[in-house]
Undergrad: 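Mind looking over this structure? Questions follow.
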Amino acid sequence: RYMSHNVKNNLKKSASLLLLCVLLIGALSSCSSTPYDYELSEYITIPDGWQNTQVTESEIEERLAEEILRVRSNASIATEITERAALAGDMVNISMVCYRSAEYGNADASPISELSDPDCTFIIGINKYPTELENAVIGHRATESFAVRLTLPGDFGLTELAYQTVVYEITLNTLTELQLPLYNDAFVSSVSSCETVAEYEEMLRGRVREEIIWEKILASCEVKGYPQKEYNTYEHNFINYYTGLASEAGQTLEEYIRRKFFMELSAFQAEAVEYAQENVKEELLLYSFVRAYGLELSDAEYSDGAEIYVEEYDMRSVAALERRFGIAFVRKSVQLDKVLTFIGEAVSTQTVGTE
């Protein structure tokens with residue numbers, strides 16, 4: 001559904017920012033009770049011939065595999081490990097202090113504050129940190145301490161540290177193995193209304209096909225301009241969210257961004273602009289389809305659609321779902337689901353082939 005689709009796209013877009021959480025995405029959504037109350041053709045136009053959008057079988061299979069892995073990963077079992085060394089794919093918690101290589105070993109050497117962290121958790125191999133650093137953890141056991149010397153890449157987010165050789169002093173505090181559940185009929189019945197793997201994959205295949213079609217239509221659109229109200233809402237809330245996190249950490253926004261994401265403030269502001277533009281563009285196209293093809297939600301459709309999310313996110317009720325994510329975001333999610341179904345039916349399945 002749309003909530004999961006939105007999270008996955010944000011993950012692909014920017015691993016550097018913590019746009020990984022549905023709560024955040026919901027919190028940043030437009031809150032207008034009458035969204036985009038404008039003549040939308042002044043901002044965007046539905047592409048001619050969108051019904052002829054081509055989707056290949058290989059695209060569907062690749063996305064299907066990603067979706068199945070995402071669902072299994074969400075249900076993974078975490079087990080703390082003490083009897084073996086770290087492997088790729090393990091989750092580790094480390095303490096690390098970083099020094100410039102030329103100063104390392106000097107009694108009066110000052111750590112590089114942005115690259116030092118007493119409580120850092122990551123999964124080895126997701127490249128949250130330089131590859132050499134993550135790979136250096138492999139082979140070490142919990143409680144072990146070791147040093148890693150590496151040269152930061154030229155595109156490192158903090159420009160004054162690009163190409164610098166540094167030394168990390170690392171202590172591996174805890175080592176956790178993430179075990180994926182077996183992918184079988186019992187598993188799919190526990191995470192969906194399907195009873196068999198075949199039934200589950202047939203359902204998912206239709207869903208990911210709709211997502212791919214939507215993404216291709218969206219990519220082919222050109223935005224003539226961005227409505228200022230919605231654009232400002234996204235950009236403002238994005239920056240305010242991280243400003244709040246910085247305040248909780250007792251840091252300025254610039255300090256927080258540099259330490260948490262190894263990013264200059266100017267790059268962060270560019271991310272905020274891109275985030276606002278991407279969300280407004282998608283919403284402009286969404287409501288263009290709604291108005292052009294009479295796809296407004298009825299009360300019954302909203303209730304039925306929201307109930308699907310209640311089940312998916314293990315909530316007690318629609319009211320609880322709305323409190324958690326916001327009514328506007330839940331409504332937009334259900335509305336986009338209706339549009340995705342519409343375009344999926346309108347685009348001929350005969351366009352699906354191989355590359």
Undergrad: So does Glu61 have more than 12 non-hydrogen atoms from other groups sitting under 6.0 Å from CD?
TA: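 Yes.
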Undergrad: Just checking, any donor-acceptor pair under 3.5 angstrom between side chains of Tyr275 and Asn237?
TA: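 There is no such pair between these side chains.
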Undergrad: Under 4.0 Å between a side-chain nitrogen and a carboxylate oxygen: does that hold for Lys332 and Glu283?
TA: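 A salt bridge links Lys332 with Glu283.
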Undergrad: Any ion pair linking Glu59 and Arg209 (charged N to carboxylate O, less than 4.0 Å)?
TA: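 Not counted as a salt bridge, because no side-chain N and carboxylate O are separated by less than 4.0 Å.
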Undergrad: Just checking Asp48: does its CG atom have more than 12 heavy atoms from other residues, nucleotides or ligands closer to it than 6.0 angstrom?
TA: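 12 or below, so no.
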Undergrad: Less than 4.5 Å apart, side chain to side chain, heavy atoms only: is that true for Tyr309 and Val334?
TA: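 They are in contact (side-chain heavy atoms under 4.5 Å apart), so the answer is yes.
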Undergrad: State whether the side chain of Arg259 and the backbone N or O of Ser113 hold a donor-acceptor pair below 3.5 Å, judged by distance alone.
TA: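 Confirmed, Arg259 side chain pairs with Ser113 backbone.
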Undergrad: Please name the pair of heavy atoms, one in Val71 and one in Val191, separated by the smallest distance, quoted to 0.1 Å.
TA: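 It is CG1-CG2, 4.1 Å.
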Undergrad: Look at the side chain of Arg141 and the backbone N and O of Glu83, then say whether any donor-acceptor pair between them is shorter than 3.5 Å.
TA: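 Such a contact is found between Arg141 side chain and Glu83 backbone.
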Undergrad: Can you name the nearest heavy-atom pair linking Ala162 to Phe156, along with the distance?
TA: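 Closest pair (atom of Ala162, atom of Phe156, distance): CA-CB, 4.2 Å.
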Undergrad: With a 4.0 Å cut-off, would you call Lys338 and Glu301 a salt bridge?
TA: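 A salt bridge links Lys338 with Glu301.
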Undergrad: Does Thr341 reach the main-chain N or O of Asp337 with its side chain, forming a donor-acceptor pair under 3.5 Å?
TA: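 Yes, the answer is positive, given that a donor and an acceptor are paired below the 3.5 Å cut-off.
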Undergrad: Using a strict threshold of under 4.0 Å (side-chain N to carboxylate O), is an ion pair present between Glu215 and Arg63?
TA: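 A salt bridge is present here (some side-chain N lies under 4.0 Å from a carboxylate O).
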Undergrad: Between Asn93 and Thr174, does any side-chain donor sit less than 3.5 Å from a side-chain acceptor?
TA: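 On atom types as modelled, these side chains do not qualify, holding no pair under 3.5 Å.
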Undergrad: Can you confirm if the aromatic rings of Tyr242 and Phe238 lie within a centre distance of less than 6.0 Å?
TA: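 Between Phe238 and Tyr242, the centre distance is under 6.0 Å.
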Undergrad: Please check if the side chain of Glu67 supplies one atom and the backbone of Leu64 the other of a donor-acceptor pair under 3.5 Å.
TA: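 No, Glu67 side chain to Leu64 backbone: no donor-acceptor pair under 3.5 Å.
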Undergrad: Quick one: closest heavy-atom pair of Leu178 and Ala78, and the distance?
TA: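 What the structure gives for the nearest pair is CD2-CB, 3.9 Å.
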Undergrad: Does any non-hydrogen side-chain atom of Glu160 lie less than 4.5 Å from one of Glu264?
TA: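 When only atoms from C-beta onward are counted, Glu160 and Glu264 do touch, with a gap below 4.5 Å.
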Undergrad: Classify the ring geometry between Tyr226 and Tyr231 as parallel (under 30°), tilted (30 to 60°) or perpendicular (over 60°).
TA: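 Rings of Tyr226 and Tyr231: tilted, as their planes differ by 30° to 60°.
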Undergrad: For the side chain of Glu134 and the backbone of Asn127, is there at least one donor-acceptor N/O pair under 3.5 Å apart?
TA: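 Looks like yes, one N/O pair under 3.5 Å.
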Undergrad: Going by the angle between their ring planes, with limits at 30° and 60°, are Tyr293 and Phe342 parallel, tilted or perpendicular?
TA: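 The rings of Tyr293 and Phe342 sit tilted, inter-plane angle from 30° to 60°.
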Undergrad: In the structure I gave you, are the side-chain heavy atoms of Met91 and Glu177 within less than 4.5 Å of one another anywhere?
TA: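 They are not in contact (no side-chain heavy atoms under 4.5 Å apart), so the answer is no.
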Undergrad: For the residue pair Ser41 / Glu39, report whether a side-chain donor-acceptor contact shorter than 3.5 Å exists.
TA: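 Judged by distance alone, the side chains do pair up.
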Undergrad: Between Arg258 and Glu114, is there a salt bridge with N-O shorter than 4.0 Å?
TA: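 A salt bridge is present here (some side-chain N lies under 4.0 Å from a carboxylate O).
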Undergrad: Does any non-hydrogen side-chain atom of Thr176 lie less than 4.5 Å from one of Val92?
TA: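 When only atoms from C-beta onward are counted, Thr176 and Val92 do not touch, as no gap falls below 4.5 Å.
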Undergrad: Within a 6.0 Å radius of atom CD on Glu222, are there more than 12 heavy atoms belonging to other residues, nucleotides or ligands?
TA: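 No, the 6.0 Å shell around CD holds no more than 12 heavy atoms from other groups.
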Undergrad: Checking Gln251 side chain against Ala246 main chain: does a donor-acceptor pair fall under 3.5 Å?
TA: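 No: the side chain of Gln251 does not pair with the backbone of Ala246.
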Undergrad: Report yes if some heavy atom in the side chain of Val167 is under 4.5 Å from a heavy atom in the side chain of Glu103; otherwise report no.
TA: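 A side-chain contact under 4.5 Å is absent here.
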Undergrad: Indicate yes or no: does Asp90 engage Arg84 in a salt bridge with an N to O separation below 4.0 Å.
TA: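 Looking at Asp90 and Arg84, the cut-off is met.
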Undergrad: If Ile, Leu, Val, Met, Phe, Trp and Tyr residues are connected whenever their side-chain heavy atoms lie under 4.5 Å apart, and connections chain through other members, are Leu161 and Tyr99 in the same group?
TA: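 No, Leu161 does not connect to Tyr99 through the hydrophobic network.
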Undergrad: Under 3.5 Å, is there a donor-acceptor pair linking the side chains of Thr171 and Ser95?
TA: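 No, no side-chain donor-acceptor contact under 3.5 Å.
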Undergrad: Are side-chain heavy atoms of Gln179 and Ser76 found at a separation under 4.5 Å?
TA: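 No - every pair of side-chain heavy atoms lies 4.5 Å or more apart.
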Undergrad: State whether Tyr302 and Arg331 meet the cation-pi test: NZ (Lys) or CZ (Arg) under 6.0 Å from the six-membered ring centroid, and within 45° of the perpendicular axis.
TA: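 Flagged: Arg331 positioned over aromatic ring of Tyr302.
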Undergrad: Take the angle between the ring planes of Tyr36 and Tyr38 and call it parallel below 30°, perpendicular above 60°, tilted in between.
TA: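 Geometry flag for Tyr38 against Tyr36: perpendicular rings.
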Undergrad: Of the options Val347, Leu340, Thr53, which is the one that meets Trp214 in a side chain to side chain contact (heavy atoms under 4.5 Å, CB included)?
TA: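 The passing option is Leu340.
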Undergrad: Going by atom types only, do Tyr104 and Glu169 share a side-chain donor-acceptor pair under 3.5 Å?
TA: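 Distance-only check passes for Tyr104 and Glu169.
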Undergrad: How long is the span from the CD1 atom in Ile46 to the OG atom in Ser288, to the nearest 0.5 Å?
TA: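 So the CD1 of Ile46 and the OG of Ser288 are separated by 5.5 Å.
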Undergrad: Per the side chain to side chain contact (heavy atoms under 4.5 Å, CB included) rule, which among Leu152, Leu150, Ile124 passes with Leu133?
TA: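 It is Leu150, the one option of Leu152, Leu150, Ile124 that forms the side chain to side chain contact (heavy atoms under 4.5 Å, CB included) with Leu133.
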Undergrad: So do Tyr287 and Leu40 actually touch side chain to side chain, heavy atoms under 4.5 Å?
TA: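 Leu40 vs Tyr287: side chains touch.
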Undergrad: Using the rule that Ile, Leu, Val, Met, Phe, Trp and Tyr join whenever any side-chain heavy atoms are under 4.5 Å apart, tell me whether Leu180 and Phe187 fall into a single cluster.
TA: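 No; tracing contacts between hydrophobic side chains, which count when under 4.5 Å, never links both residues.
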Undergrad: Can you confirm whether or not the ring centre of Phe262 sits under 6.0 Å from the ring centre of Tyr129?
TA: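 Yes - the distance between ring centres of Phe262 and Tyr129 falls below the 6.0 Å cut-off.
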Undergrad: Has Asn106 got a side-chain atom pairing as donor or acceptor with Asp108's backbone, closer than 3.5 angstrom?
TA: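 Not at all, since once roles are kept as given, no pair shorter than 3.5 Å links the two residues.
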Undergrad: Look at the rings of Phe146 and His140 and say which category their plane angle falls in: under 30° parallel, 30 to 60° tilted, over 60° perpendicular.
TA: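 Parallel.
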Undergrad: Given 3.5 Å as the limit, does a donor-acceptor pair link the side chain of Lys128 with the main chain of Ile123, or not?
TA: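 No: the side chain of Lys128 does not pair with the backbone of Ile123.
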Undergrad: Should we count CG of Asn184 as having more than 12 external heavy atoms under 6.0 Å?
TA: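 Count over threshold, so yes.
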Undergrad: Are side-chain heavy atoms of Arg149 and Tyr168 found at a separation under 4.5 Å?
TA: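 No, too far: nothing below the 4.5 Å cut-off.
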